[in-house]
Amino acid sequence: MEKGRILLAVTGFHPQRWRELLSAEREVALEPDGASDPSITYAVVWKQRPNLLSALPNLRAVFSIGAGVDHIFADPTLPDVPIVKIVADNLTQYMTEYVVWRVLDHHRQGMLYRSQQKKKIWHEPPQRPASDISVGIMGLGTLGRAAASVLLSLGFPVNGWSRSDRSMKGVSTYSGEAGLIPFLNATDILVVLLPLTPQTQGIVNYGVLKELRKRNGLGGSVLINAGRGRLQKDADIVRALEDGTLKEASLDVFEVEPLPKTSPLWSHPKVFVTPHAAATSDPVHLAPIMLRQMAAFERGEKLENVVDRDAGY
Ligand code: NDP
Ligand code: OXD
């Protein structure tokens, strides 16, 4: 197979650094010069323009610059070529840091102490051991498992929920629709690391939050969502925080991004907001992985981390 050219279409990212790094080994075209070009064989994308990829007659594979691929499936004329998602130690480490940071902050009452400091209040509330608080990870995939293993090492009991049956040493695992309620009933801090698919859209709703366990030293259940914004119903989260169904939430993703200035989540005292920044896609680490995959593919080897189109992730 001859050495293919790359079309880079990364909406919302600065393409320059990606281009420089990918150009180390291959020719890289940007839109619009790359569109419809028969010499393009790979596309490296984030939220590519609809119908862009179907205009490339010799496209052989699409590479997502993120772990999520819902942005690619949003294209109604997606050609039938392999779609490769990112699996990288660097990205996994960032997500593990985010999850552990947020779990520890809620567990160690960061929100309370920050508000006490503002008012100069010297008060020590009771402390509970990590072993009293179970963390439930919705989406026990690459990122969920990595976070689970660090949480276990800190002494938290960990539950995991996935589509198919999965096992992981030390983790209580649940799967499918039948496993959802038992998983939630055993969980104090819910960490969402699911992909966005037709099956998972809107899954983090009021009814689901109501099922979380409340017998814990935290004083209520907690939501942490670093998966995708459209997994959740923003208004349901506000309702759950207002009526005490949820004690606090850390949200990295939102139904609409950037989060509109009018959203009550911005100034809610029980919400910690980050701008879809839990695990950034760093081209220095990710571009070489893509280039290695392209070279291997051209040697006749199989592409790794190819998305299952039927499952949507
Ligand atoms: P994986 O594909 O490795 O894991 C996905 C997990 O979700 C799997 O355990 C899968 O089950 C489970 N799952 C999928 N559909 C369902 C369902 N219908 N019911 C129950 N479980 C389901 O993905 P990653 O861990 O690599 O990434 C997860 C997501 O994190 C990405 O899709 C992306 O949206 C998000 N992300 C967010 C970032 C951020 O900065 N905020 C950065 C990177 C990723 P099974 O094991 O059975 O397949
Ligand atoms: C991803 C993301 O999917 O950053 O990697 O959201």
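Order of appearance sets the numbers: ligands from 1, and atoms from 1 within every ligand.
With hydrophobic clusters built from ILVMFWY side chains whose heavy atoms lie under 4.5 angstrom apart, Trp161 shares a cluster with Val192. Note: the hydrophobic cluster containing Leu190 does not contain Leu152 (ILVMFWY, side chain heavy atoms under 4.5 Å, direct or indirect links). Residues Tyr113 and Ile189 do not share a hydrophobic cluster, defined by chaining ILVMFWY side chains whose heavy atoms lie under 4.5 Å apart.
The hydrophobic cluster containing Leu53, built from Ile/Leu/Val/Met/Phe/Trp/Tyr side-chain heavy atoms closer than 4.5 Å, also comprises Leu7, Ile40, Val45, Leu52, Leu56, Leu59, Val62, Val69, Ile72, Phe73, Leu78, Val81, Ile83, Val307.
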List, pair by pair, the atoms of ligand 1 and of the protein that are both N or O and lie under 3.5 Å apart, giving the separation rounded to 0.1 Å.
| residue | atom | partner | partner atom | Å |
| --- | --- | --- | --- | --- |
| ligand 1 | 2 (O) | Lys85 | NZ | 2.8 |
| ligand 1 | 3 (O) | Thr142 | N | 2.9 |
| ligand 1 | 3 (O) | Thr142 | OG1 | 3.2 |
| ligand 1 | 9 (O) | Leu140 | N | 3.1 |
| ligand 1 | 9 (O) | Leu140 | O | 3.4 |
| ligand 1 | 9 (O) | Gly141 | N | 3.2 |
| ligand 1 | 11 (O) | Arg163 | N | 3.1 |
| ligand 1 | 11 (O) | Tyr313 | OH | 3.4 |
| ligand 1 | 21 (N) | Arg163 | N | 3.0 |
| ligand 1 | 25 (O) | Thr142 | N | 3.3 |
| ligand 1 | 25 (O) | Leu143 | N | 2.9 |
| ligand 1 | 34 (O) | Gly227 | O | 3.4 |
| ligand 1 | 34 (O) | Arg228 | NH1 | 3.3 |
| ligand 1 | 40 (O) | Ala279 | N | 3.1 |
| ligand 1 | 40 (O) | Ala279 | O | 3.4 |
| ligand 1 | 41 (N) | Ala226 | O | 2.9 |
| ligand 1 | 41 (N) | Asp252 | OD2 | 2.9 |
| ligand 1 | 46 (O) | Arg166 | NE | 2.7 |
| ligand 1 | 46 (O) | Arg166 | NH2 | 3.2 |
| ligand 1 | 47 (O) | Arg163 | N | 3.2 |
| ligand 1 | 47 (O) | Ser164 | N | 2.6 |
| ligand 1 | 47 (O) | Ser164 | OG | 2.4 |
| ligand 1 | 48 (O) | Arg166 | NH2 | 3.4 |
| ligand 1 | 48 (O) | Tyr313 | OH | 2.5 |

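Under the side chain to side chain contact (heavy atoms under 4.5 Å, CB included) rule, Ile237 has a single partner from Val271, Asn205, Asn225, Leu246, which is Leu246. Screening Lys270, His106, Gln109, His268 for a side-chain hydrogen bond (donor to acceptor under 3.5 Å, both in side chains) involving Glu248 leaves a single residue, His106.
Listed by first and then second residue, the salt bridge (charged side-chain N to carboxylate O under 4.0 Å, His left out) pairs that reach into residues 13-29 are Arg5-Glu27, Arg17-Glu20, Arg26-Glu298, sequence neighbours excluded.
Contact shell of ligand 2 (protein heavy atoms, cutoff 4.0 Å): Trp46, Gly66, Ala67, Gly68, Arg228, His276, Ala279.
Here Arg102 pairs with Asp105 in a salt bridge; the nearest charged N to carboxylate O distance falls below 4.0 Å.
Contact of the Val103 side chain with the Leu154 side chain is not registered, since no non-hydrogen atoms from C-beta on lie closer than 4.5 Å.
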